[in-house]
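These notes concern the structure reproduced below.
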Amino acid sequence: MKNYTQVYVKNSLEAAKLYCDAFGAEITREMKKPDGTAYEHCELSVNGEGFLALAEAANPCDVELIHKMKWETMTFNVFEMGSREAVLHAFEVLNDGGVVLHPIGALPWNEYNATVIDKYGVCWWIAI
């Protein structure tokens, strides 16, 4: 059995590029809508391993309200990122237009981590 996470966001073409930048991922499979303006399905991989799928959200999401209320309905945990620099880079990319729930710091279970809701309303816990 496998479990593969997927997010539904507005501006899915832009989001795929942002997540590739944040995590050093590459698009390994993509199916765009007939007009080419959004993804019906897109898969991202890191070092040949499936990382995240995404698609265009059918319904609008009030990201401003999510940021204001700091809602966490689900958090994607990205850990064992390899270095503080990798965590810092992801933090800076995801924080652009997003909101920080927990700035980079230490927790009893991880020495270098942060939690950010990105500009698409997706919550990420990133850690070394």
Side-chain angles (χ1 to χ4, degrees):
M1 179 183 298
K2 292 185 178 185
N3 182 6
Y4 200 74
T5 57
Q6 180 161 331
V7 294
Y8 293 87
V9 297
K10 287 296 185 185
N11 302 314
S12 57
L13 297 177
E14 176 187 276
K17 290 178 186 175
L18 182 126
Y19 298 144
C20 283
D21 181 15
F23 300 111
E26 64 178 328
I27 296 171
T28 50
R29 186 173 187 196
E30 61 182 349
M31 290 168 260
K32 293 182 180 174
K33 293 188 175 210
D35 65 5
T37 61
Y39 283 118
E40 289 184 346
H41 182 76
C42 180
E43 295 175 10
L44 307 181
S45 296
V46 175
N47 299 324
E49 293 290 324
F51 175 73
L52 178 73
L54 66 122
E56 190 73 16
N59 298 311
C61 175
D62 189 341
V63 176
E64 287 183 33
L65 182 62
I66 289 171
H67 286 173
K68 180 179 176 185
M69 302 304 291
K70 296 185 177 180
W71 283 343
E72 296 173 81
T73 58
M74 177 183 290
T75 299
F76 293 93
N77 296 328
V78 182
F79 52 96
E80 296 181 9
M81 293 182 68
S83 69
R84 288 176 177 247
E85 292 78 17
V87 174
L88 180 59
H89 178 74
F91 177 79
E92 289 171 347
V93 172
L94 297 170
N95 184 37
D96 185 14
V99 62
V100 175
L101 298 183
H102 303 287
I104 291 179
L107 292 171
W109 57 90
N110 191 282
E111 69 183 58
Y112 197 75
N113 63 84
T115 306
V116 179
I117 300 174
D118 70 25
K119 66 182 177 180
Y120 307 104
V122 178
C123 188
W124 298 93
W125 180 74
I126 52 176
I128 192 167

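Ring-centre distance between Phe79 and Trp109: not below the 6.0 Å cut-off.
Closest approach of Ile126 and Phe23 over heavy atoms only: CG2-CE2, 3.9 Å. Smallest separation of non-hydrogen atoms from Leu13 and Gly36: CD1-O, 3.6 Å. For the residue pair Ala127 and Val87, the shortest heavy atom distance occurs at C-CG2, 3.5 Å. Here the closest heavy-atom approach between residue Ile128 and residue Gly82 is recorded as CG1-C, 4.4 Å.
Atom CG of Asp62 has more than 12 neighbouring heavy atoms from other residues, nucleotides or ligands inside a 6.0 Å radius. Counting non-hydrogen atoms of neighbouring residues, nucleotides and ligands closer than 6.0 angstrom, the CE atom of Met74 reaches no more than 12 such neighbours. Within a 6.0 Å radius of CZ in Arg84, more than 12 heavy atoms belonging to other residues, nucleotides or ligands are found. The 12-atom threshold is exceeded at CZ of Phe76, counting heavy atoms of other residues, nucleotides or ligands nearer than 6.0 Å.
With no hydrogens or angles considered, no side-chain donor-acceptor pair links Asn113 and His102 at under 3.5 Å.
Of the options Glu56, Lys33, Lys32, Glu30, a side-chain hydrogen bond (donor to acceptor under 3.5 Å, both in side chains) to Ser12 is made by Glu56 and by none of the others.
Proximity of a side-chain donor or acceptor of Lys10 to a complementary backbone N or O of Tyr120 within less than 3.5 Å is not detected. His67 places a side-chain N or O within donor-acceptor distance of the main-chain N or O of Asp118, the cut-off being under 3.5 Å. Between the side chain of Ser45 and the backbone N or O of Gly48, no donor-acceptor pair lies under 3.5 Å.
Side-chain heavy atoms closer than 4.5 Å link hydrophobic residues (I, L, V, M, F, W, Y) into clusters, and following such links, even through other members, never connects Trp124 to Ile66.
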